[in-house]
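A short write-up of the structure that comes next.
A note on names: the letters A, B, ... follow the listed sequences, proteins ahead of strands, and every chain is numbered from 1.
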Amino acid sequence: MAVFIEYLVAALILIGATFALIGSLGLVKLPDFFQRLHGPTKATTLGVGGMILGSILFFTAVERTFQFQEFLVSLFLFITAPASAYIIAKAALHLKIQHNADDSTKKESNDSNTSE
Amino acid sequence: MSEQREHVTLEQDAILTKKKWLPHPFLSVNMLLIWLALNNASMGHFVLGSFLAIGIPYLVQAFWPQAVRIYRPMLLVQYLFLVLVDICKANVIVAIQILGPSKKLKAKFFEVPLDVKDDFTITMLAGTITLTPGTVSAELSPDKKRLLVHGLNVESAEEEIELIKQRYEKPLKEIFECSTRSS
Amino acid sequence: MLDKVIMIASVMLAIALLLSVYRLFRGPSLPDRILALDTLYINAIALIVLLGVLQRSLIFFEAAMLMAVMGFVGTVAVAKYILRGDIIE
């Protein structure tokens with residue numbers, strides 16, 4: 001039983017680390033700013049989430065101490081990740097960052113943003 | 001400047017005079033639960049947490065005129081599970097897209113017309129869009145009618161808009177804004 | 001076995017940190033740098049959680065919690081600075 005839980009914890013931690021790594025890889029690899037925004041906000045949230053889930057499982061099964069605090073960390077990250085992504089995107093639109101997409105909507109919104 | 005300030009304080013006084021207990025019951029329950037989770041749950045912390053959960057909303061209610069009302073709690077739970085599953089799917093999809101050739105990605109902006117009106121509901125919708133498959137909400141138009149969304153790999157903008165409206169906006173509207181309400 | 005897995009995961013997270021530091025220095029625009037900082041603190045939280053499991057100590061979660069709160073406030077403050085040219089309005 002304990003061995004099984006250990007494997008599960010190891011799997012969760014590895015999954016979390018993989019997603020965190022892929023998120024940062026996306027930050028470096030993707031060509032323009034708004035695409036880069038996708039990597040960290042998604043991959044990193046699940047990355048930390050998986051890792052925290054693993055550690056909750058570990059402390060509950062091995063150390064016999066259930067801590068609800070750890071849920072709060074991931075809950076807080078899940079709430080704040082969209083907010084920070086939104087405000088960074090807003091700042092980027094404000095500065096009129098170049099991007100590859102062909103669109104009229106973006107220009108339009110930029111105009112409305114500056115006239116605001 | 002001073003006139004303006006006087007005006008503001010008068011308005012605040014008008015709100016402050018009709019203070020009521022428990023203006024946001026949902027918020028109070030959440031505050032108590034988070035307080036108990038932050039500290040170790042004991043009787044003393046329960047009392048202190050209840051005191052704070054009732055006292056703080058009472059003191060700051062002038063800043064929060066709108067209370068959040070949940071019309072269909074069961075649907076909310078269902079919705080949270082839906083979002084959680086979608087987050088996991090989104091992560092796998094985005095991971096594959098990041099690892100694959102980035103030239104093939106069709107990144108695009110598109111605008112979603114909003115049916116929901118409450119600030120809180122719009123916030124929930126924008127948060128959900130950011131957390132789920134390949135989309136990030138970038139900006140809300142000043143009149144709160146349209147939400148600018150950036151998709152990482154969008155085949156057709158119409159399909160994405162339809163998906164967002166059907167999958168996320170409809171349940172949110174039912175949960176937080178009763179469709180028969182006249183606001 | 002778990003300790004080895006944690007070591008591997010720590011190395012992966014260290015690479016992730018280095019990649020975000022690369023974007024932080026390189027980043028052609030200011031929002032890129034903010035995004036890199038955001039990623040940096042979230043990866044640091046993950047590393048601290050791992051350290052907590054490795055040391056079998058619960059005290060690290062308080063640090064993780066604090067970093068989650070402060071990192072978010074920092075990100076919003078810097079983004080607001082770009083938007084308005086002023087940190088505290």
A/F19 versus chain B, the contacting section by heavy-atom distance below 4.5 Å: side chain
At a heavy-atom separation under 4.5 Å, does A/I22 approach chain B through its side chain, its backbone, both, or neither? both
Any side-chain heavy atom of B/V112 within less than 4.5 Å of one from B/L125? no
So what's closer than 4.5 Å to chain A heavy atoms on B/I34: side chain, backbone, both or neither? both
In short, B/P171 meets B/L75 closest at the heavy-atom pair O-CD2, 4.0 Å
Whatever's closer than 4.5 Å to a heavy atom in chain B on A/F78 counts as both
Between A/H38 and B/H150, how do the two ring planes meet: parallel, tilted or perpendicular, split at 30° and 60°? tilted
What one should report as the nearest heavy-atom pair of B/M31 and B/A53 is CB-CB, 4.0 Å
